[in-house]
2 protein chains.
Amino acid sequence: MDRELCCEPHPLDLEELERIRAEVDEEGLWEMAEVFKALGDPTRLKILKALSISPMCVCDLAHLTGLSVSAISHQLRLLRAMRLVKGEKIGRRVFYSLHDDHIAMMIKLGQQHIREERG
Amino acid sequence: MDRELCCEPHPLDLEELERIRAEVDEEGLWEMAEVFKALGDPTRLKILKALSISPMCVCDLAHLTGLSVSAISHQLRLLRAMRLVKGEKIGRRVFYSLHDDHIAMMIKLGQQHIREERG
DNA sequence: ATAATATTTGAGCAATGGCTCAAATTTTGT
DNA sequence: ACAAAATTTGAGCCATTGCTCAAATATTAT
């Protein structure tokens with residue numbers, strides 16, 4: 001029969017491979033990749049890290065990052081759509097903060113990884 | 001003097017903002033973004049998740065993901081360069097595995113985030 | 001040696017991404 | 001009502017990216 005295995009003799013049998021495929025393809029992987037992708041841009045990571053220290057307005061984030069207000073606003077729109085940040089309008093300003101602290105934890109873990117990778 | 005603050009009256013003073021900027025711009029942020037970016041692609045995330053279950057060869061990963069061997073190899077090259085995976089050549093096959101388990105932990109935390117985000 | 005298998009590599013291509021710029025929107029101050 | 005300030009939005013542009021395809025490399029089997 002057609003075993004669909006590329007290379008023989010093979011350490012992983014078909015059932016094992018199928019089990020792994022099912023576990024890997026589980027729902028939520030795509031969504032998880034989206035979250036990681038959001039964290040995977042220096043600008044957005046700076047924004048999130050800044051907001052993890054203190055809520056602040058778009059303009060502050062622009063100064064902080066050295067980018068235009070427009071650029072920041074575009075990124076915030078993305079982050080808002082993904083529920084990573086939330087914005088509260090006060091007067092003519094909008095104060096952004098982290099939507100919850102899962103993200104802060106993930107950033108912390110990421111930092112830890114980098115530190116140990118270097119040390 | 002030119003206070004370089006966009007919007008007045010302002011809740012965060014200049015020193016506070018400068019302190020945050022320093023903390024955000026710390027060395028390692030760019031590197032951290034690179035790691036997150038690596039996790040931020042469905043194909044690579046599948047590869048890493050599969051390898052977190054069991055080491056396997058390029059061909060298995062291709063079958064598992066439904067992509068070409070070439071595509072997988074290109075991604076593995078990237079992941080190897082970032083020290084996220086390592087490959088051991090055995091015969092004409094190369095068996096890949098996670099370089100360490102930091103990444104596995106980060107994926108686990110990511111999954112947890114998604115789960116709680118939905119629940 | 002020759003052929004077959006497993007992987008790597010480079011070029012090229014369509015799609016995506018992050019920014020800028022200009023214009024629209026919303027709110028405050030006079 | 002009008003101007004100024006803070007943010008949002010859409011279009012456009014260049015760089016990056018993830019794949020395919022073809023060819024090269026390395027190892028095993030005959």
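Reminder, nothing fancy here: chain letters follow the sequence lines and each chain counts from 1.
- Within the 4.0 Å cut-off from OP1 or OP2 of C:dC19, at least one side-chain nitrogen or oxygen of A:Thr43 is found.
- Rounded to the nearest 0.5 angstrom, A:Met105 CE and B:Leu109 CG are separated by 5.0 Å.
- Ion pairing between a basic and an acidic side chain is recognised when a charged N comes within 4.0 Å of a carboxylate O; B:Lys49 and A:Glu23 show no such pairing.
- Between the side chains of A:Asp60 and B:His10, at least one donor N or O lies within less than 3.5 Å of an accepting N or O.
- If you run side chain to side chain contact (heavy atoms under 4.5 Å, CB included) between A:Leu78 and each of A:Arg80, A:His74, A:Met82, only A:Met82 comes through.
- Residue B:Ile72 contributes atom CD1, which lies 16 Å from atom C1' of C:dT9 at whole-angstrom precision.
- Contacts between residues 87-95 of chain A and DNA chain D, defined by a heavy-atom separation below 4.0 Å, involve A:Arg92, A:Arg93, A:Val94, listed by number.
- For the pair B:Leu79 CG and D:dG18 P, the interatomic distance rounds to 10 Å; values are reported in whole Å.
- Distance from the side chain of A:Ala71 is smallest to C:dC19 among C:dC19, C:dT7, D:dT8.
- The side chain of B:Lys37 places no N or O atom within less than 4.0 Å of a non-bridging phosphate oxygen (OP1 or OP2) of D:dT16.
- In this entry the distance linking CG of B:Leu76 with P of C:dA6 reads 16 Å, nearest Å.
- At a threshold of 4.0 angstrom between heavy atoms, the contacts of A:Val58 are confined to the sugar-phosphate backbone, with no base atom among them.
- Rounded to whole Å, atom C1' of D:dT8 lies 14 Å from atom CG of A:Leu78.
- If you measure from atom CE of B:Met56 to atom P of C:dA6, you get 16 Å, rounded to the nearest angstrom.
- By the 4.0 Å N-to-carboxylate-O rule, A:Lys37 lies too far from B:Asp41 to be salt-bridged with it.
- In terms of position along DNA chain C, the nucleotide closest to B:Arg77 lies nearer the 5' end than the nucleotide closest to the other residue of the pair B:Arg77 and A:Ser68.
- Residue B:Leu67 is classed as a sugar-phosphate contact, given heavy-atom separations below 4.0 Å to backbone atoms only.
- Separating the OG1 atom in B:Thr65 from the CZ atom in B:Arg44 is a distance of 13.0 Å, to the nearest 0.5 Å.
- Remark: C1' of C:dG17 and CG of A:Asp41 are 9 Å apart, rounded to the nearest angstrom.
- Residue A:Tyr96 places no side-chain N or O under 4.0 Å from the OP1 or OP2 atom of D:dA6.
- Per the geometry, NE2 belonging to B:His74 stands 14 Å off P belonging to D:dA22, to the nearest Å.
- Checking D:dT7, D:dT20, C:dG18 against every side-chain atom of B:Ser70, the shortest atom distance belongs to D:dT20.
- Atoms NE2 (B:His63) and C1' (C:dA6) sit 12 Å apart, rounded to a whole Å.
- Using a 4.0 Å cut-off, no side-chain N or O of A:Gln75 falls inside it from OP1 or OP2 of C:dG17.
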- Message: Set out, in order, the CA-CA distance, both residues' side-chain angles and the distance that settles side-chain contact (heavy atoms from CB on, under 4.5 Å) for A:Leu98 and A:Ser52, then state yes or no.
- Response: CA-CA 6 Å; A:Leu98 295 188; A:Ser52 78; 3.6 Å; yes
